[in-house]
Amino acid sequence: MRVSKHLPAIHVEHNKNTMNCPTEKMPIPDKVYVSMVQHIGAPCQPKVAVGDLVKVGQVIGDSDAYVSAPIHSGVSGKVTAIETTMTSMGIWDPIVTIVLDKKQEVVEGLAPPVVTDKDSFLKAVRDSGLVGLGGAAFPTHVKFNPKNLDEVDTLIINGAECEPYITSDYRAMLEDTDYIIGGIKNTMKYLGIKRCIIAIEENKAPAIKLLRDLLKDSPEIEVMELRSLYPQGAERVLIYEATGRVMPLGKLPADIGAIVSNITSIITLEKYLQTGMPLVAKRITVDGTAVRTPKNVEVLIGTPINEIIEFCGGYKRVPRKILMGGPMMGRAIYDDGTPLIKNNNAILAFDKEWAEFPKETACINCGRCVKACPLHLMPTSIFKAYDKKDIETLKKLKVPLCMECGCCSYVCPAKKQLSFINRLAKQLVQEGGKK
Amino acid sequence: MSRYSQGSLIVSSSPHILDNITTTRIMLDVIIALTPAFIMSGVIFGPRAILLTVTCVAACVAFEAAFRYITKKDNTITDLSAVVTGMLLSFNLPANLPYWMAIIGCFVAIVIVKQLFGGIGQNFANPAITARIVLLVSFATPMTTWPLPKQVMEAADAVTGPTPLGILNMGTGLEAIPSNMDMFLGFIGGSLGETSTIALLIGGIYLLARKVIEPAIPVAFIGTVFIIALITGQDPIFHICAGGVMLGAFFMATDYSTSPLTTPGRIIFGIGCGLLTMIIRLYGSYPEGVSFAILLMNILTPHIDSLSRRALYGVMKRGEEK
Ligand code: SF4
Ligand code: SF4
């Protein structure tokens, strides 16, 4: 049942400063540091040893687990270390260090995969190393293969890019348009999905127009305009806005007949199908008040962030906060030597003025957080119940539904860290549930 | 190449940007919105009205600072909520109320109703309204001796007199009820800040425009008063301009801490306020019922909140998973 056409959303300053910056290819670095944890699910085991020579496109990490995706080298060179270090995911994991020989030799036998049916298609998706590039980093071949695939009638392509600052998906839509269309058609063909909706926020009018023109003769693929509000790109919200379907707690998109894929994921997939080159580089937006020349850059996975920023003119002010991802849901990193991983779509560096927050004050019960939550949760009641460690009430308030989008924290005049408290509350409910 | 790492970099939880709205900014907006009525109180009742408001504001701020200091809690006077409470309380008092009584009211509002319940956002009853009711039952005569506006004083040859609602309540001398124009501008007897409908309306519209409040409560409140007046054959314009309806609907009933969180809840709350106001006005022994109505609805707020939860996403009204 569709009660209203839209879910609540908030207006956040777009700051899409790099919309008109064509993607520049960053020169290859001297060293790359490839993390073995680049997706949700089972981490990879290194498939190379110290001293090995590797080539572009070679598998360097993999796992036998189903929910996992292989990791490839984007460079040719020599493995000099495999060490456990703190990754950007905040856990200790093996990182493979490769010193480049700068020849960029491609691994023997790299060729477009032979795809003839659903199974060979899904194998190709896995072999491409693809994970959800919108942020979640869930292995794509798993997402594309739900138990009830025959019930899935809609492929939704997420081109919302609702996070402020980030424009890499927008640039992708303009620069890799053909791959988008090819990727969609292949996915629909091999998965047997009849309809596709490409959902794009209306602030990206040129991309919408371009895709609409190219898709004139493909009525099965619809380009849909979303309102330019946050968080239109969050999976639950996107499915609702695009199809009006509600995804209850604990259900997957496929349960309500939809598969969602990010626009960059589709491009990466199609590139692999055409060339056999797996996911080894990423288009990212580099921006923020501390960066001299904001840009869109194509970077090899494993490149340290400080080198990427150096490529963008270096820091113009002393950075106080560096984010992987957007300001609403991105992660603040501990160290600017952290290497890039697959699901990064932006590096944002901010100065002191921007990074320091006002002090938290008492909740004034204003109801702004309640009004802002896209999923109709009541963050003020949640944090009060969390303070009392009242698991029963937290369950009633449906905390596990919270997607940590940050809308509630954003609008709170008391500057309460509501979405953070929600995360803790979710953990509490989970632990409490186990007992 | 310089490296930045832990220590120099802040690592905090997302989101990393916040709206620039703050509690202080909200309270400042309320103060701005109350200013037209504050000025009009001076015009209508003279400098005594201005002095009384200043006294109340000073007393509220002093009580809040003292309480926070004695109980060793963060000083919260910079959030300006004590200033708002002081203004609202004085707006609910007759302009010539003795200062010491007003200060007792401030003590009740700030210390007993607000701070003893934990400070801003924690109190269940509106501080200014509760203080006014306490003063009303403690000092009934001075609290209901209404100074008259200068013009009315000359015409009636008296210094004090009944409010328009008082006249209506007595049921005699109805010809003394002022014109709707005088009521709209505020040249009538009454509490010092409640008489000028136009000034309060300007403030209310400012609050709506700044999105400090939503229309739900004022519209439901004033609308209900209007409709009941119409049904019972009274002059609806008179009833929404008289007494504390405007002040109550825009500034007192919309107090965040003591009104429901959701829009449906706020509509119910507003209707309740309007209904109770009119019942007291028409059938009660007090001529005016806005304060009692709001206080009663304050008490019901937690219940309204739990009854009017929004249908959660993915969960049907009755709480079943869809
Ligand atoms: S973080 Fe959670 S509670 Fe807050 S607005 Fe987003 S979904 Fe709602
Ligand atoms: S937005 Fe902040 S101050 Fe307002 S009710 Fe929610 S938690 Fe309280």
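- Proximity to chain A (any heavy atom under 4.5 Å) is shown, for B/Arg25, by neither the backbone nor the side chain.
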Practice item. Test B/Ser14 against A/Glu404 for side-chain contact (heavy atoms from CB on, under 4.5 Å), laying out the working first. Key: CA-CA 8 Å; B/Ser14 62; A/Glu404 293 167 35; 5.8 Å; no
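- At a 4.5 Å heavy-atom cutoff, the contact between A/Ser409 and chain B is made by backbone and side-chain atoms alike.
- Only the backbone of A/Cys412 comes within less than 4.5 Å of a heavy atom in chain B; its side chain stays farther off.
- Between chain A and the options B/Asp255, B/Asn20, B/Ile21, heavy-atom pairs under 4.5 Å are most frequent for B/Ile21.
- Only the backbone of A/Lys396 has a heavy atom closer than 4.5 Å to any heavy atom of chain B.
- With a threshold of 4.5 angstrom between heavy atoms, A/Phe357 approaches chain B through side-chain atoms but not through N, CA, C or O.
- Of the two parts of A/Cys363, only the backbone, made up of N, CA, C and O, holds a non-hydrogen atom closer than 4.5 Å to a non-hydrogen atom of chain B.
- Only the side chain of B/Ile26 comes within less than 4.5 Å of a heavy atom in chain A; its backbone stays farther off.
- Remark: B/Leu18 CG to A/Lys415 NZ distance equals 5.0 Å, nearest 0.5 Å.
- For a residue to count as touching a neighbouring chain, one of its non-hydrogen atoms must lie under 4.5 Å from one of that chain's; by this rule B/Thr76 does not touch chain A.
- One finds the OG atom of B/Ser8 at 9.0 Å from the CG atom of A/Asp335 (value rounded to the nearest 0.5 Å).
- Contacts of A/Lys359 with chain B are made by side-chain atoms alone, with heavy-atom separations under 4.5 Å and no backbone atom involved.
- Among A/Phe350, A/Trp354, A/Tyr410, the one residue that satisfies the side-chain contact (heavy atoms from CB on, under 4.5 Å) test with B/His16 is A/Trp354.
- Note: B/Thr262 OG1 to A/Met378 CE = 6.0 Å, rounded to the nearest 0.5 Å.
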Point to revise | side-chain contact (heavy atoms from CB on, under 4.5 Å) between B/Leu9 and A/Tyr334, intermediate numbers included | key: CA-CA 7 Å; B/Leu9 291 181; A/Tyr334 292 87; over 6 Å; no
Check your understanding: B/Leu261 and A/Ser381: side-chain contact (heavy atoms from CB on, under 4.5 Å), yes or no, with the steps?
Key -> CA-CA 10 Å; B/Leu261 279 167; A/Ser381 314; 4.2 Å; yes
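- For A/Pro164, the part lying near chain B is the side chain, with the backbone staying farther off; criterion is any non-hydrogen pair under 4.5 Å.
- Between atom CZ of residue A/Arg423 and atom OG of residue B/Ser13 there is a gap of 4.0 Å, rounded to the nearest 0.5 Å.
- For A/Arg368, the part lying under 4.5 angstrom from a heavy atom of chain B is the side chain only.
- Note: B/Ile17 CD1 to A/Tyr165 OH = 7.0 Å, rounded to the nearest 0.5 Å.
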